[in-house]
Protein chains: 2
Amino acid sequence: MGTTERKAKEKEELKALILKAARKLFIEKGIGQTTIRNIADSIDYSIGTVYVYFRDKNEILHALHTQGFVDLGGQLKVLFSVKDPMERLKAMGKVYINYGLDNPEMYDLMFTLRAPMEFLETIQKDEWDEGKASFDLLRTTVIQCMDAGHFKGHKLDPLCFLIWSCIHGMCSLEIGSRTKNANIKNPENIVTDAYDEFLIIISNL
Amino acid sequence: MGTTERKAKEKEELKALILKAARKLFIEKGIGQTTIRNIADSIDYSIGTVYVYFRDKNEILHALHTQGFVDLGGQLKVLFSVKDPMERLKAMGKVYINYGLDNPEMYDLMFTLRAPMEFLETIQKDEWDEGKASFDLLRTTVIQCMDAGHFKGHKLDPLCFLIWSCIHGMCSLEIGSRTKNANIKNPENIVTDAYDEFLIIISNL
DNA sequence: TTGAAAATTGAACAATGTTCATTTTTTTTG
DNA sequence: CAAAAAAAATGAACATTGTTCAATTTTCAA
């Protein structure tokens, strides 16, 4: 009886369709302007249907949150084809920044919004976290840098956190500057130029 | 006729009272759980009164946003009693981080929330921005560091942005880790340890 | 004291997240 | 194939929150 399997597949497809619509609206209109009604309308389903497939709005946010980390993590993983760990580290920063600036709404969802995580508190405390996986890619690379003789006199985890903070801080401030207040805009290319400074600094560590 | 002056003073006082109540509720229950009704109730006024003194919720958020930057800026200004610019720079980072970790809700309001700034778009595009003032304190200090022979081979503004990004990134990630997801917590003292790494690095530039 | 000006109020509206009894569609059964 | 059962989808209705505004209360000068 392949019916149940087909049903399961259809459920997955509709779930994916809802997520796709939600993501599209987030990017187009911003997260704040995206409502359940909007999402339902855009795929010609009713409000209630969305609630059949997702417990609440936070579950939708959390699903996209996960998608974002899988996406970013995937882009970072590709860089392990770069064998020199220091070169890979530099490339990872660039990829990360590009991801953030190209997908500001997703970046917000992943790093600044609080709501998607409130979902976790209700459900599964110890869920596998894709954010942790991305951080581990950085950590592995920094370890290899240390093995290659870099970063002498520095501690592994604090240094990883500092590097992530630098890159995240640039993304966060730049995205904020672009969307929050048009009057206090960062100078053109400030992120690119600051990242150049970052490269100089870590190259000499 | 001192009546009108007293009236003006009373208006200011009530405005301040509303802000104080709002700030208290923000800190106690979080920004998301603070409603206009909550604020009004807590000071025994009606909803409507709040709207007499503030155009909308965003104006309240923006007023607190300004207060936060004035507060942080004040703490940073005090450090100009430290004459050695490099020592002052180090102290500024510490003060900034302490402010963020001690006042996470205010920090969110100042750096991550989008709403307070939507207020500006409606009102005054070219308003004096306290955030810019705080940034200028950093910029002045970095200039003095350069005059003293530090940071050779680095560009002023990109370096300032990088430094701010580092510090802001640490605050942002740590605050997010503490509030968003209790499962993926940062290690104890990670910010302190990472800031130590930061100090080592900039000392050698 | 009185009437106008100022301040305050809270009922009412709109938007949004959410629930759930009802309806529609699909699948299974006889 | 028709009827019953199961599954899926619906949208009316409720709760909360931001917001408005006509009505009420308070203040104060004449």
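Within every chain, numbering begins at 1; the chains are lettered A, B, ... in the order of the sequence lines, protein sequences first and strands thereafter.
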Tell me the interatomic distance from [X], atom [atom1], to [N], atom [atom2], rounded to whole angstroms.
X: A/Tyr45; N: C/dT25; atom1: OH; atom2: C1'; result: 12 Å
X: A/Leu61; N: C/dT18; atom1: CG; atom2: P; result: 10 Å
X: B/Asp56; N: D/dT17; atom1: CG; atom2: P; result: 17 Å
X: A/Ile18; N: D/dA8; atom1: CD1; atom2: C1'; result: 12 Å
X: B/Leu14; N: C/dT9; atom1: CG; atom2: C1'; result: 13 Å
X: B/Ile47; N: D/dT19; atom1: CD1; atom2: P; result: 12 Å
X: A/Tyr51; N: C/dA21; atom1: OH; atom2: C1'; result: 18 Å
X: B/Phe54; N: D/dT20; atom1: CZ; atom2: C1'; result: 18 Å

Side chain of [X] - closest among [options]:
X: A/Ile36; options: C/dT8, D/dT20, C/dG17; value: C/dG17
X: A/Ser46; options: D/dG11, C/dT8, C/dT18; value: D/dG11
X: B/Lys11; options: C/dA7, D/dG18, C/dT16; value: C/dA7
X: A/Lys57; options: D/dA8, D/dT19, C/dG17; value: C/dG17
X: A/Thr49; options: D/dA9, C/dT19, C/dT9; value: D/dA9
X: A/Arg37; options: D/dT10, C/dT18, C/dA7; value: C/dT18
X: B/Tyr53; options: C/dG10, D/dG18, C/dA7; value: C/dA7

| Is it the case that B/Ser203 and B/Lys90 place a side-chain donor and acceptor less than 3.5 Å from each other? |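 On atom types as modelled, these side chains qualify, holding a pair under 3.5 Å.
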Query - Pair B/Thr112-B/Asp108, side-chain donor/acceptor within less than 3.5 Å - result: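 There is such a pair (donor and acceptor under 3.5 Å, judged by atom type) between the side chains of B/Thr112 and B/Asp108.
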Is the side chain of B/Glu59 donor-acceptor paired with the backbone N or O of B/Arg55 at a distance under 3.5 Å, no angle test?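 Yes; judged by distance alone, with no hydrogens or angles, the pair exists.
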- request: Have a look at A/Phe135 and tell me which of A/Trp164, A/Phe69, A/Tyr96, A/Phe161 forms a ring-ring contact (aromatic ring centres under 6.0 Å, His included) with it.
  value: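 Only one of A/Trp164, A/Phe69, A/Tyr96, A/Phe161 forms a ring-ring contact (aromatic ring centres under 6.0 Å, His included) with A/Phe135, namely A/Trp164.
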Taking the six-membered ring for Trp, are B/Phe151 and B/His154 parallel (under 30°), tilted (30 to 60°) or perpendicular (over 60°)?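 Correct class here is perpendicular.
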